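Source: prediction; values computed, not measured. The chains referred to below are lettered A, B, ... by the order of the sequence lines, with proteins before strands, and numbering in each begins at 1.
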Number of protein chains: 4
Amino acid sequence: MPISEDQMTKMQAKRKKILEQAILLFSEHGYNDTTIAKVAKASGVSFGSVFTYFPTKDDLFHQAVMEPLEEISKLLLDFDENASNPLEELEEMVTMHIKIFSEVNKYLRLVVQVIGQYTRFENQFKELDQFHNTFREKIQILVKNGQTKNQLKQLDTHFTVTSYTSLLIGLRVNLADEPDEEYWLKFVPSAMQIFGPMDT
Amino acid sequence: MPISEDQMTKMQAKRKKILEQAILLFSEHGYNDTTIAKVAKASGVSFGSVFTYFPTKDDLFHQAVMEPLEEISKLLLDFDENASNPLEELEEMVTMHIKIFSEVNKYLRLVVQVIGQYTRFENQFKELDQFHNTFREKIQILVKNGQTKNQLKQLDTHFTVTSYTSLLIGLRVNLADEPDEEYWLKFVPSAMQIFGPMDT
Amino acid sequence: MPISEDQMTKMQAKRKKILEQAILLFSEHGYNDTTIAKVAKASGVSFGSVFTYFPTKDDLFHQAVMEPLEEISKLLLDFDENASNPLEELEEMVTMHIKIFSEVNKYLRLVVQVIGQYTRFENQFKELDQFHNTFREKIQILVKNGQTKNQLKQLDTHFTVTSYTSLLIGLRVNLADEPDEEYWLKFVPSAMQIFGPMDT
Amino acid sequence: MPISEDQMTKMQAKRKKILEQAILLFSEHGYNDTTIAKVAKASGVSFGSVFTYFPTKDDLFHQAVMEPLEEISKLLLDFDENASNPLEELEEMVTMHIKIFSEVNKYLRLVVQVIGQYTRFENQFKELDQFHNTFREKIQILVKNGQTKNQLKQLDTHFTVTSYTSLLIGLRVNLADEPDEEYWLKFVPSAMQIFGPMDT
DNA sequence: AATGAATGAGAATTCATTCAT
DNA sequence: CATGAATGAATTCTCATTCAT
């Protein structure tokens, strides 16, 4: 092997650094106003090096949108849709989601850009849309279970869940770069309301 | 100076046409990918004419964001926060808002872009933010009245109303270019839930 | 009409100037080493103006190869293949061809580049090749007439004429930028030999 | 130093392989479109290895033009200018030359590029020109001998011989990548005509 | 000697803006 | 006022060359 393990590690780190800075810049300034030169400078690498790791600017953007999705989607799907106490699980889930959305500020702004211009960023949009479907389906099961157990009102689950995910993304849009988790958590009750919890 | 009224009318029409097309193009393709040449072509006017009506591209964008706001804000604020039956008024208001959001697709995508990149479009963002505050304040009064009359649960009005506006904008993001008003109206119940209507 | 005739004339002149300089530069330095900046400078126009007249560099090259062809092909085909005295006509034709080839130095170097890299300049090559066929066919008729009248030896006309055109282009290659018409004319007897004139 | 003979052989082979591929690529795609990376890939060696054998791209091109010349020039000069039967020798020579030109297609395209852009490839051109002179001088002697023996017409030998070499290079340009030796050999009579053989 | 990551100079192309007609 | 040619700054991407491993 011509490449030592040490070098591999360094390269991985370099790639990661570039991608991180790209996400930051893309999310703040958009696709066009984020030049490769700016990304290179922010990452502390040379201009040409960006092209060593990402063949085109399009590719860099694509990876900036796609790579974090895997990790974040795991976190967002980390709840038990068949929990014995659906209402309790739902509240835990909402709390978790709110926390996550309060944290991954920059990346979500990138997501909003992609969705907002889905014709321009078609490929990325498709993948995000696919996750959105998976996401909603899993929540729907939990909601149905809650309704079966009479913990939730008999609302249409499709519209309920779509409203919930819309609230999440809408908060991220409206709260701009509000970083205070405490503040975010105050939206948990409103979010819960959407699911129509039975008064007890 | 010696400009006939007829000419004035024509120029107004031309300006309006340019602005309309600019909104469409800006919302679909973003600021940078919308060139003046494309706007001119879409409007059926010459290249240089755009500059006759809007001194710079920045200005064109600014007007594209600001001018429709006046009209739309009037529509959105068209409810009686001191109605004698707050819950009924609230439901009417929500229905109206959902209808409006289902209709002004293109413009709202433009709004999302501005909010999503508020550092880049600072001036426009400020004005939108200002309206957002006015908007929320008026709704808050209605909600408080509803709570006083025990039609609504005693939820924190600030967070409730911000959740409501977030849901609206979030729906616009999530439903992309869904144009069917019938479909949109199905979200009214979910939106109402946020305000915690008392079961009757 | 928004453009005055005067302006049209100026633009035509500008376009011509750019094309002329492009031919010179392309022929001397090749496609890649001829930058648009150099063409602009040589033509005394601004960088961007080149793009006003020729959308891409490829297009500029294409026109540089194609446009002069029309005029030159007319000159080269200006002989009477059915002349009553074919041998005399042939000698006049050869003399004319040699003169032309001695004059259009730069352009022919461009032609040699295209032919030499016909895979790279496929489109241009095809058109040149087409002319080459037309050119040879017309000469072949004259040669056949000369053979019928026993003024020329019974040589295979296809190979004879292809040899003749090869000699012409080969001379242009070998004589590099020799500009002296007198010198060039000394090759007429050699060129005539190819056709196998009967000794008289 | 301590380099085994075995290693030397391997390196020589590697160098040869690189040069062969370089000739192919340069001749087909020209200097600029032939990147070091492409040469490396075609040769099956690593990117950096090309630089081990050829310090710069210029040098690689230089060697690609120069190294084959030695061998080919020997072949082209392999005739007896003082043969007792000059005409017979001339015909044998022409046949041999035509065969050689039909074979070394790729390299000759490279030669045409150098001559066609002699200002750009000055050094290489000078050496090719030098050979051209040597080549013509030797043929001239043979032609003069043929004229002395009244086997050839009294034509100017300089122009005759230059016409002959022009025909050769012109055929290589015109016949593009025609590989059929049989076809090429049909040009021998035309080539012979240039020397003005006496009818017998 | 071999490898390929790192670098940055250089090139084509786009496009807002200016301005003469 | 309308038009569109002229301009050049800015951007992406390529690639020869260097150099650490």
Under 3.5 Å donor-acceptor, Gln113(D) side chain and Gly116(C) backbone | no
Sugar-phosphate only, base, or nothing, as touched by [X] at under 4.0 Å among non-hydrogen atoms:
| X | answer |
| --- | --- |
| Ser49(B) | base |
| Thr35(B) | sugar-phosphate |
| Phe54(B) | nothing |
| Lys10(D) | nothing |
| Lys14(D) | sugar-phosphate |

Nearest-nucleotide wise, let me know which of Gly48(A) and Gly44(C) is further upstream toward the 5' end of DNA chain F.
-> Gly44(C)
First encountered from the 5' end of DNA chain F, between Phe47(B) and Asn32(A) | Phe47(B)
Could you please name the partner base of dG4(F), counting Watson-Crick and G-U wobble pairs only when both distances are under 3.5 Å?
-> dC19(E)
Under a 3.5 Å cut-off for both distances, is dA1(E) Watson-Crick or wobble paired, and to whom?
-> none
Does Lys57(B) make a cation-pi contact with Tyr31(B), if we ask for NZ or CZ under 6.0 Å from the ring centre and within 45° of the axis?
-> yes
Cation over ring, Lys126(D) on Tyr118(D), under 6.0 Å and within 45°?
-> no
Euclidean distance, [Y] [atom2] relative to [X] [atom1], rounded to 0.5 Å:
| X | Y | atom1 | atom2 | answer |
| --- | --- | --- | --- | --- |
| Leu110(A) | Glu28(A) | CG | CD | 11.0 Å |
| Asp58(A) | His62(A) | CG | NE2 | 10.0 Å |
| Thr34(B) | Leu60(B) | OG1 | CG | 9.0 Å |

May I have the distance from [X] (atom [atom1]) to [N] (atom [atom2]), rounded to whole angstrom?
| X | N | atom1 | atom2 | result |
| --- | --- | --- | --- | --- |
| Lys41(C) | dA11(E) | NZ | P | 12 Å |
| Asp58(A) | dT12(F) | CG | P | 11 Å |
| Ile36(A) | dT7(E) | CD1 | P | 15 Å |
| Phe61(B) | dT17(E) | CZ | C1' | 19 Å |
| Ile18(D) | dA2(E) | CD1 | C1' | 11 Å |
| Phe51(A) | dA5(E) | CZ | C1' | 16 Å |
| Met11(A) | dT7(E) | CE | C1' | 14 Å |
| Leu60(B) | dT17(E) | CG | P | 10 Å |

Closest nucleotide among [options] to the [X] side chain:
| X | options | value |
| --- | --- | --- |
| Thr52(C) | dA6(F), dA6(E), dT13(E) | dA6(F) |
| Tyr53(A) | dA6(E), dT12(F), dT13(E) | dA6(E) |
| Ser46(A) | dA6(E), dA12(E), dG4(E) | dA6(E) |

If you find the nucleotide of DNA chain E closest to Val45(A) and the one closest to Thr34(C), which residue's nucleotide is nearer the 5' end?
-> Val45(A)
